[in-house]
Amino acid sequence: MMLCYSLVVALAIATSVIAGQFDFDTTTQQFPIVALPPPPPPPIADTSGRLVHDAAHPWHAPEEGDMRGPCPGLNTLASHGWLPRDGVATPAQIITAVQEGFNMGYDLAAFVTYAGHIVDGNLLTNKLSIGQATNRTGPPPPPPAHAGGLSAHGAFEGDASITRGDAYLGDNDSFNATLFDEFVSVSEKYGGGAYDFAAAGALRMARIRDSIARNPYFRLLAPRYHTAYAESVFPIAFFIDGRRTGAERTRLDPAVARGFFESARMPPDFWRSSSPWGRPEVGIAVDALYRAHPISPGSNNGTVDSYTHDPTSPRLHQFCEMYTDYVNVTVRELYPNAKGVLLAALNKNLDYLYSALGRTSCPQVPPFV
Ligand code: HEM
């Protein structure tokens, strides 16, 4: 552990010196130095379908200490070596890997990655754990920020997941076989045995109703409200072999789904989607799921079955409001008072998040001071 920590410090110092940004900051005394985070990588050039479970990307089970978490997409990329196999990555590595490995559209890849990294990653070392907190991302920032990894409940990870339990009810980051049984039965009932859009919409609603009934502190507010719907579309977008065509292109076999959700494993000879799924493509599908089973953002009030709509929380189509709310509420709560290099790194990451929106679409929230 100590060795890893020293290595991170040494690397950060080296990087900072190379970048000419060697500086000290009194708010992060144990780990004073880091270069400003580099800009996001450019989009990948070739977005056609291709073999991604290839000889260069074999599946290996995670080793002791490797991080895995609530996202079956990132877990799978790590277990196939599209991401570092230890599950600790930079935003640039994630943005490239989700495009290369699954053909996620560049806009969505960049937005989701920065949204996750800003609240769960270490902004000074520029490293994010795709699972729980680890000292391999460097010393944590001053509380209430935590750099706790994607498994940290609250800011990004949330309730009513498809295959993971609510944090209040226990384990929120590992595969839950009982929940997956529901995935199978809903697929049988609504999708003729496959997880298709009809099944995805029905399961999204069923998972929300289950949380309303069992989790007194259930919250379905932006940005979790948005990611819950998007993540219901992701298995169809990304876990179906890209060589499938016609109606079969949107029908996911639950046995294949289980490989991704439980074992972070692509089927043999798996091809990524034949075209990218970015914000527009996922947005259309999210809209269809919502229209089939509409529910407004809201929360329980400390007792079960008390779900109440929260009119202050942005709705699905209010993407600019979701971005603004995320910065002003979610991020601000974690970083009420950042200073020095931490403030600079935070603002840089927020800038990259905004860039991922496409500069013209929404007004940018001014940098934190
Ligand atoms: C781009 C960077 C990404 C980040 C930062 C990210 C992060 C996350 C997080 C934190 C969750 C947990 C949310 C929750 O259930 O509370 C999640 C869930 C999920 N992610 Fe990702 N993800 C990313 C990309 C992907 C990709 C490329 C895929 C598919 C290939 C994917 C598929 C999913 C699915 C299906 C879930 C829902 C799991 C469930 O509810 O059981 N994600 N992701």
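Index from 1, following the sequence. Order of appearance sets the numbers: ligands from 1, and atoms from 1 within every ligand.
- Looking at ligand 1, you'll find an N or O of Gly158 within less than 3.5 Å of one of its N or O atoms.
- The protein heavy-atom contact nearest to atom 32 (C) of ligand 1 is Phe234 CD2, 3.4 Å.
- The distance from ligand 1 to the heavy atoms of Pro70 drops below 4.0 Å at these ligand atoms: 12 (C), 18 (C), 38 (C).
- Atom numbering of ligand 1 starts at 1 in the shown order; those under 4.0 Å from a heavy atom of Phe238 are 29 (C), 30 (C).
- Taking only nitrogen or oxygen atoms, main chain and side chain alike, Thr163 reaches within less than 3.5 Å of ligand 1.
- At the top of the distance list for atom 20 (N) of ligand 1, counting protein heavy atoms only, stands Cys71 SG, 3.2 Å.
- The contact set between ligand 1 and Val98, taken as ligand atoms under 4.0 Å from a residue heavy atom, comprises 1 (C), 27 (C).
- Counting heavy atoms closer than 4.0 Å to ligand 1, residue Ile94 contributes side-chain atoms (C-beta onward) but none from N, CA, C or O.
- In terms of N/O distances under 3.5 Å, ligand 1 is approached by Ile162.
- The pair Glu100-Arg50 meets the salt-bridge criterion, since a charged nitrogen lies less than 4.0 angstrom from a carboxylate oxygen.
- In this structure, the protein non-hydrogen atom closest to atom 28 (C) of ligand 1 is Gly73 CA, 3.7 Å.
- Counting non-hydrogen atoms of neighbouring residues, nucleotides and ligands closer than 6.0 angstrom, the CZ atom of Arg209 reaches no more than 12 such neighbours.
- For Thr227, the closest heavy-atom approach to ligand 1 does not fall below 4.0 Å.
- Atom numbering of ligand 1 starts at 1 in the shown order; those under 4.0 Å from a heavy atom of Val112 are 1 (C), 2 (C), 3 (C), 4 (C), 5 (C).
- Tyr352 approaches Pro37 most closely through the heavy-atom pair OH-O, 2.8 Å.
- If you check which protein heavy atom lies closest to atom 11 (C) of ligand 1, you get Glu231 OE2, 3.7 Å.
- For OH of Tyr190, the number of neighbouring non-hydrogen atoms (other residues, nucleotides, ligands) closer than 6.0 Å is 12 at most.
- Taking the six-membered ring for Trp and the full ring otherwise, Phe239 and Phe261 have centroids separated by under 6.0 Å.
- Shown here for Ala109 and Val98, the closest heavy-atom pair between the two residues is CB-CG2, 3.4 Å.
- Residues Arg272 and Gln99 come closest through the heavy atom pair NH1-O, 3.7 Å.
- Of all atoms in ligand 1, listed by their number and element, those nearer than 4.0 Å to a heavy atom of Thr113 are 1 (C), 2 (C).
- Within the 6.0 Å centre-distance limit, the rings of Phe111 and Phe319 are counted as a close aromatic pair.
- One distance of note links OH of Tyr225 with CD1 of Ile208; it measures 7.5 Å at 0.5 Å rounding.
- Those atoms of ligand 1 that come under 4.0 Å of a heavy atom in Phe156, given as number and element, are 7 (C), 10 (C).
- For ligand 1, one of its N or O atoms has an N or O atom of Ser161 under 3.5 Å away.
- With a 4.0 Å heavy-atom cut-off, ligand 1 is reached by the side chain of Met104 but not by its N, CA, C or O.
- Note on Asp159 versus Arg214: no salt bridge recorded, every NZ/NE/NH1/NH2 to OD/OE distance being 4.0 Å or above.
- Shortest contact from atom 6 (C) of ligand 1 to any protein heavy atom: Leu74 CD1, 3.7 Å.
- The shortest heavy-atom distance from Phe260 to ligand 1 is not under 4.0 Å.
- Nearest heavy-atom pair, Leu342 versus Leu123, reported as atom, atom and distance to 0.1 Å: CD1-CB, 4.3 Å.
- Per-residue contacts place Phe239 under 4.0 angstrom from the following atoms of ligand 1 (heavy atoms of the residue considered): 29 (C), 30 (C).
- For Tyr354 and Tyr323, the ring centers are positioned less than 6.0 Å apart.
- If you look at Phe238 and Phe260, their ring centroids are not closer than 6.0 Å.
- Under 4.0 angstrom from ligand 1, there are no non-hydrogen atoms of His117.
- With a 4.0 Å cut-off on non-hydrogen atoms, Thr76 does not touch ligand 1 at all.
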